[in-house]
2 protein chains.
Amino acid sequence: MERNRSVEGARKKPSGAAVKSAKLTTALYRAFFEEWAERGFAAVSLERVAAKAGAGKAAIYRRFSSRQEFAAAAVTELGLTIAMPEDTGSLEADVLAFLIRLRAVLRHPLIRRILPDLHAEAARSPEMRILNTRVAEARRAQAQVILERAIKRGELDAAVDRDLALDLLPAALYWRMVVLGISPTRDQLAAEAAAIVAALQASMRTS
Amino acid sequence: MERNRSVEGARKKPSGAAVKSAKLTTALYRAFFEEWAERGFAAVSLERVAAKAGAGKAAIYRRFSSRQEFAAAAVTELGLTIAMPEDTGSLEADVLAFLIRLRAVLRHPLIRRILPDLHAEAARSPEMRILNTRVAEARRAQAQVILERAIKRGELDAAVDRDLALDLLPAALYWRMVVLGISPTRDQLAAEAAAIVAALQASMRTS
DNA sequence: TATGGATGGAACGATAACGTATCGACGATA
DNA sequence: TATCGTCGATACGTTATCGTTCCATCCATA
């Protein structure tokens, strides 16, 4: 069940309860992301967030003690939406499936705007850096699964440079979509997958 | 009244001249970037920019008619600082040299904070998208030179997928430095260069 | 030396968002 | 049914920035 999300949630309620609505909390998160995408993190106005969620400002300040805490809670909530990739039987097909899923994520207009903002903020404040790291590690876990499967199949040497490999998988697509603002076709993704596989197979730890 | 908005503005001055100081203009640019890096684009205050440059707000509004125009001029000024890569004699060495130069750029604390902000803003406003495209094309021209040299040397087939290749060159390093906030060692750059070369050589248009 | 435009600085009224406080209404619990 | 915390809403004083205007000063030219 949904627990009391209150900041001071551990207190006992003498009687006659009125629990903070979880629906309202998620509505606040959603409104926060929309404001973020539209205006940029630094320009998020909590008044507009509340208005967009159809709520009063008090509903925000009852839940979070600061803007940072609000942002952290919202991003954490966002990071939970990650599914593990299915096994397609070959490294290149796995990579292509990964790219297709990543493209779907990066096509989302909110995400495409929020992600670079998150990275910029990560360079500014330690709190946002923690959030950014958390999101990055969730992504990284997916790539890790693909690598391990390929090693078990014998498509990759166990001595593959894992750090480099984990970065190679999403980098080119992120560059195209977020930096350049281009959404590749499926054929382009296939070519990208082939190139990535070649890079992975070449990146053994040789020294 | 026809106002001279240009920085250098070598117009006919009737007499007794007092030219807008180029020193002050560049000081305003510098202050703008520092504010941008520190607070984020959306939160740049022209009052703080002027104060940081040791100037009055009027000095800004005398030069630029709007915040957008100011930002555009500053970014354009920034984009001019790009040098063409020297010919090292081999593709892999060229790529490594390219990565080392890119690392030097992305190591700059201002640039590492401003770039993702610029990409986020590019998804929000057409004006910033134009600026972002301009910066991207300058970078792209460098990579193009490297590719053409490799083709002439015979290290790459002329049928190489140029779009993909141009994206592969900077993508992984950008991902590591801007998205993850990590600065790779020279050895890691060398491994990355080798992997990129393998990807390039595999990315022929085969269809 | 005289001229005239640029300069830093200050003030202006107008917005906008801040964080807090208070209100009656609502509804879940006891 | 009585209770009591959350709800939307509104108002408050404060702070920050906006874009504009004015002014005394500076300084490169003519």
Side-chain angles (χ1 to χ4, degrees), chain A residues 1-32 34-36 38-71 73, chain B residues 1-32 34-36 38-71 73:
Chain A
M1 292 298 283
E2 283 299 320
R3 302 225 353 190
N4 183 355
R5 314 190 75 99
S6 166
V7 177
E8 320 219 348
R11 263 191 310 165
K12 288 202 149 192
K13 309 210 182 278
S15 75
V19 176
K20 286 172 191 165
S21 157
K23 272 195 206 307
L24 178 54
T25 303
T26 61
L28 287 173
Y29 288 158
R30 180 190 314 267
F32 183 83
E34 288 174 0
E35 266 291 301
W36 186 349
E38 188 176 336
R39 309 255 186 169
F41 181 82
V44 169
S45 150
L46 296 191
E47 291 192 323
R48 276 197 299 264
V49 170
K52 184 167 286 190
K57 272 199 297 181
I60 293 179
Y61 286 103
R62 256 180 233 117
R63 287 172 171 74
F64 312 101
S65 59
S66 71
R67 170 196 307 267
Q68 280 289 347
E69 191 182 316
F70 186 17
Chain B
M1 174 185 281
E2 174 62 17
R3 272 308 178 87
N4 179 8
R5 294 267 178 207
S6 70
V7 174
E8 295 304 323
R11 304 260 183 211
K12 44 182 176 182
K13 313 259 182 202
S15 71
V19 177
K20 284 172 191 164
S21 157
K23 274 195 205 306
L24 178 54
T25 303
T26 61
L28 287 172
Y29 288 157
R30 181 190 311 270
F32 182 83
E34 288 174 1
E35 267 291 302
W36 186 349
E38 188 177 338
R39 309 256 185 169
F41 181 82
V44 169
S45 151
L46 296 192
E47 291 193 321
R48 277 198 298 265
V49 170
K52 184 168 287 190
K57 271 199 297 181
I60 293 179
Y61 286 104
R62 257 180 235 120
R63 288 173 170 74
F64 312 100
S65 59
S66 71
R67 170 196 307 267
Q68 281 288 349
E69 191 182 315
F70 186 18

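Here is how names work: the chains are called A, B, and so on, in the same order as the sequence lines, proteins then strands, and each is numbered from 1.
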Can you name the residues that form a side-chain hydrogen bond (donor to acceptor under 3.5 Å, both in side chains) with A/Gln68, not counting sequence neighbours? none
Gap between atoms CG and C1', on A/Leu24 and C/dG27 respectively (whole Å): 15 Å
Sequence neighbours left out, what passes side-chain contact (heavy atoms from CB on, under 4.5 Å) with B/Lys52? Give chain and number order. B/Ala31, B/Glu34, B/Glu35, B/Glu38
Using a 4.0 Å cut-off on heavy atoms, which residues in residues 45-57 of chain B reach DNA chain C? List them by number, or say none. B/Gly54, B/Ala55, B/Gly56
Report the distance from atom CZ of B/Phe70 to atom P of D/dT17, rounded to the nearest whole Å. 15 Å
Rounded distance (nearest 0.5 Å) linking atom CG of A/Leu46 with atom OH of A/Tyr61: 4.5 Å
Rounded to the Å, how far apart are A/Lys23 NZ and D/dC7 P? 14 Å
When rounded to whole Å, the OH to P distance for the pair A/Tyr61 and D/dA9 reads 17 Å
If you find the nucleotide of DNA chain C closest to B/Ala58 and the one closest to A/Ala58, which residue's nucleotide is nearer the 5' end? B/Ala58
Shortest non-hydrogen pair, B/Thr25 vs B/Arg63, comes out as OG1-NE, 2.8 Å
Whole angstrom is fine here: how far is it from CD in B/Glu35 over to P in D/dT17? 8 Å
side-chain contact (heavy atoms from CB on, under 4.5 Å) with B/Ala27: which residues, sequence neighbours excluded? B/Ala53
Residues two or more places apart in sequence or in another chain: which of them pass ring-ring contact (aromatic ring centres under 6.0 Å, His included) with B/Phe41? B/Trp36
Residues in side-chain contact (heavy atoms from CB on, under 4.5 Å) with A/Ala43, at least two apart? A/Arg39, B/Ala42
Could you state the CD-P distance from A/Gln68 to C/dG19, rounded to the nearest angstrom? 12 Å
State whether A/Arg67 places a side-chain N or O below 4.0 Å from either non-bridging phosphate oxygen (OP1 or OP2) of C/dC18. yes
Take the protein atom CD1 of B/Ile60 and the nucleotide atom P of C/dT7, then report the distance between them rounded to whole Å. 11 Å
Would you indicate, yes or no, if D/dC7 has its OP1 or OP2 atom less than 4.0 angstrom from a side-chain nitrogen or oxygen of A/Arg63? yes
Spacing of B/Phe64 atom CZ relative to D/dG19 atom P, expressed in whole Å: 14 Å
